[in-house]
Amino acid sequence: MVRSRLRRHRTSKLKRIDSTKVRQVKSEQLLRIDDHDFAMRPGFGGSAIPVGIDVQIESIDSISEVDMDFTMTLYLRHYWKDERLSFQSTNNRSMTFDGRLIKKIWVPDVFFVHSKRSFIHDTTMENIMLRVYPDGNVLFSLRITVSAMCFMDFSRFPLDTQNCSLELESYAYNEDDLMLYWKKGNESLKTDEHISLSQFFIEEFSASSGLALYSSTGWYNRLFINFILRRHIFFFLLQSYFPAMLMVMLSWVSFWIDRRAVPARVSLGITTVLTMSTIITGVSASMPQVSYIKAVDVYLWISFLFVFLSVIEYAAVNYLTTVEERKQLKRRGKSSTTLNLEAVQAMAFDGCYHDSDADMNYSVHSEESSSRGRAASVATLDANRVKRKKSIKGNVGRIILENNHAIDTYSRIIFPVVYILFNFFYWGMYL
């Protein structure tokens with residue numbers, strides 16, 4: 001009796017061990033991977049296998065105008081049915097695997113059209129999930145970061161709106177073998193609520209589909225992830241538009257400076273021209289070298305033209321003033337030596353030459369006093385300076401207005417009016 005019980009105990013123990021081993025073998029071979037050739041697609045030789053796609057966009061990492069591309073991180077999920085992977089299950093529960101099983105079965109060969117680089121995240125393991133249902137339905141999900149081309153139009157930059165798309169397509173199977181479609185229609189594309197970009201506002205995400213023709217291999221199903229980006233303009237207002245406006249307005253200050261203050265007006269003109277050149281160079285350095293004119297180029301170059309014309313305006317004023325003085329010298333019959341000496345003295349005192357009769361009373365001696373000789377002129381120089389100073393203090397505005405050229409007077413009105421009209425036209429057209 002004792003021996004028989006021992007035999008039964010050993011037999012039952014062996015059975016338990018054997019049944020465990022059998023369960024392990026069944027678990028490993030449950031999907032019968034070794035019984036099928038997974039190099040061929042499901043239903044090979046029959047109709048095209050439908051593969052559903054849905055995408056959840058986690059983030060848009062960057063938008064590059066120079067490289068004309070964008071970088072996006074997303075969850076890409078594939079849905080299809082492979083009856084070779086069906087298995088029996090009493091509770092109808094699915095089986096979930098990681099990326100190690102992917103290389104042993106057939107999966108759709110979806111790739112990103114116009115992609116420059118992409119990778120599957122692998123921290124701490126490859127971010128791949130495979131879920132198999134008892135009836136053979138398969139869910140294949142992976143987390144990808146992809147950089148793809150975006151064909152941008154900068155003709156309205158920085159007041160532009162860009163339309164970009166990420167395109168998915170099967171690489172090997174054309175429409176006769178694989179039908180790629182959005183699993184839930186427009187609801188197949190989902191986005192994170194917190195997606196934001198520093199320079200762009202995301203106006204819309206949408207999903208669409210189409211066909212792509214390759215001359216050597218035929219038609220392929222293609223899916224599109226479309227999104228519209230509208231640029232934030234405030235950054236460019238601060239960095240480009242406002243500085244350009246200020247430089248143009250600063251160039252108008254020269255119209256109110258005495259036309260004989262050559263160093264002041266020339267220095268101001270050169271400073272504004274160089275500053276505008278720096279602004280234009282800075283904007284161009286951050287943009288691709290396109291062969292057409294951008295909206296910001298129109299504004300900056302016209303602003304540069306206004307600044308440049310203010311310099312040309314003074315060149316014209318200075319030239320016409322010189323011609324006018326020569327005519328006055330011939331008319332007055334004065335010696336150029338005496339006039340130049342006394343004009344230099346007046347310039348040293350109040351910073352400007354005076355060529356009108358009223359101003360000459362403040363800065364030059366009369367012809368009668370100059371004939372008395374150098375000694376008498378030097379003796380009365382200090383007294384004349386004191387008189388000039390007292391007279392100028394009460395007549396600065398009158399002297400400036402009377403000593404201005406007609407071109408300066410008209411420029412004070414024409415330049416601002418034309419620039420304001422240009423701004424109305426520019427912002428009305430591009431906004």
Centres of the Phe308 and Trp301 rings: under 6.0 Å? no
Looking only at heavy atoms, which two atoms of Leu189 and Ile57 are closest? And how far apart? CD1-CD1, 3.9 Å
Val296 and Tyr241 have their tightest heavy-atom pair at CA-OH, 3.7 Å
Please report the C-alpha distance between Ser209 and Arg222 in whole Å, then the side-chain angles of each, then the deciding distance to 0.1 Å, and finally whether the side-chain contact (heavy atoms from CB on, under 4.5 Å) criterion is met. CA-CA 6 Å; Ser209 60; Arg222 181 176 292 184; over 6 Å; no
Looking at every non-hydrogen atom in both residues, tell me the closest pair between Val283 and Ser240 and how far apart they are. CG2-OG, 3.2 Å
Which atom of Leu180 lies closest to which atom of Ser170, heavy atoms considered: CD2-N, 4.2 Å
Considering only NZ, NE, NH1 and NH2 on the basic side and carboxylate oxygens on the acidic side, decide whether Asp258 and Arg260 come within less than 4.0 Å. no
Looking at the rings of His114 and Phe112, which for Trp means the six-membered one, are their centres under 6.0 Å apart? no
Look at Asp160 together with Arg231 and state whether they make a salt bridge at an N to O cut-off of under 4.0 Å. yes
Using every non-hydrogen atom in the two residues, find where Met152 and Tyr292 come nearest and quote the distance to one decimal. O-OH, 3.9 Å
Answer yes if the side chains of Asn423 and Trp427 hold a donor-acceptor pair under 3.5 Å, and no otherwise. yes
Strictly by modelled atom types, are Arg131 and Thr96 linked by a side-chain donor-acceptor pair under 3.5 Å? yes
Salt-bridge test for Glu313 and Arg265: reply yes if a basic N is under 4.0 Å from a carboxylate O, no otherwise. yes
If you count every heavy atom of other residues, nucleotides or ligands that lies below 6.0 Å from Tyr214 atom OH, does the total exceed 12? yes
Is the backbone of Ala172 close enough, under 3.5 Å, to the side chain of Asp109 for a donor and an acceptor to pair up by distance? yes
Glu126 bridged to Arg100 by N-O distance under 4.0 Å: no
Scan Asp61, Thr71, Asp69 and name whichever one has a side-chain hydrogen bond (donor to acceptor under 3.5 Å, both in side chains) with Ser147. Thr71
Does a side-chain heavy-atom distance below 4.5 Å link Val107 with Ile105? yes
Please find out if less than 6.0 Å separates the ring center of Phe422 from that of Tyr299. yes
How about Ser251 and Thr272: does a side-chain donor come under 3.5 Å of a side-chain acceptor? no
Kindly say whether the aromatic ring centers of Phe140 and Tyr79 come within a distance under 6.0 Å. no
Hey, does the Lys NZ or Arg CZ of Arg412 hover above the aromatic six-ring of Trp252, less than 6.0 Å from the centre and inside 45° of the axis? no
Whether Asn127 side chain and Met125 backbone form a donor-acceptor pair below 3.5 Å: yes
Would you check if the distance from the ring center of Tyr430 to the ring center of Tyr426 is below 6.0 Å? yes
Side chains of Ser303 and Tyr419: any donor to acceptor distance under 3.5 Å? yes
Look up atom OG in Ser254 and atom CG in Asp408, then write down how far apart they are to the nearest 0.5 Å. 7.5 Å
Ser86 and Glu83: which non-hydrogen atoms are nearest, and at how many Å? OG-O, 2.8 Å
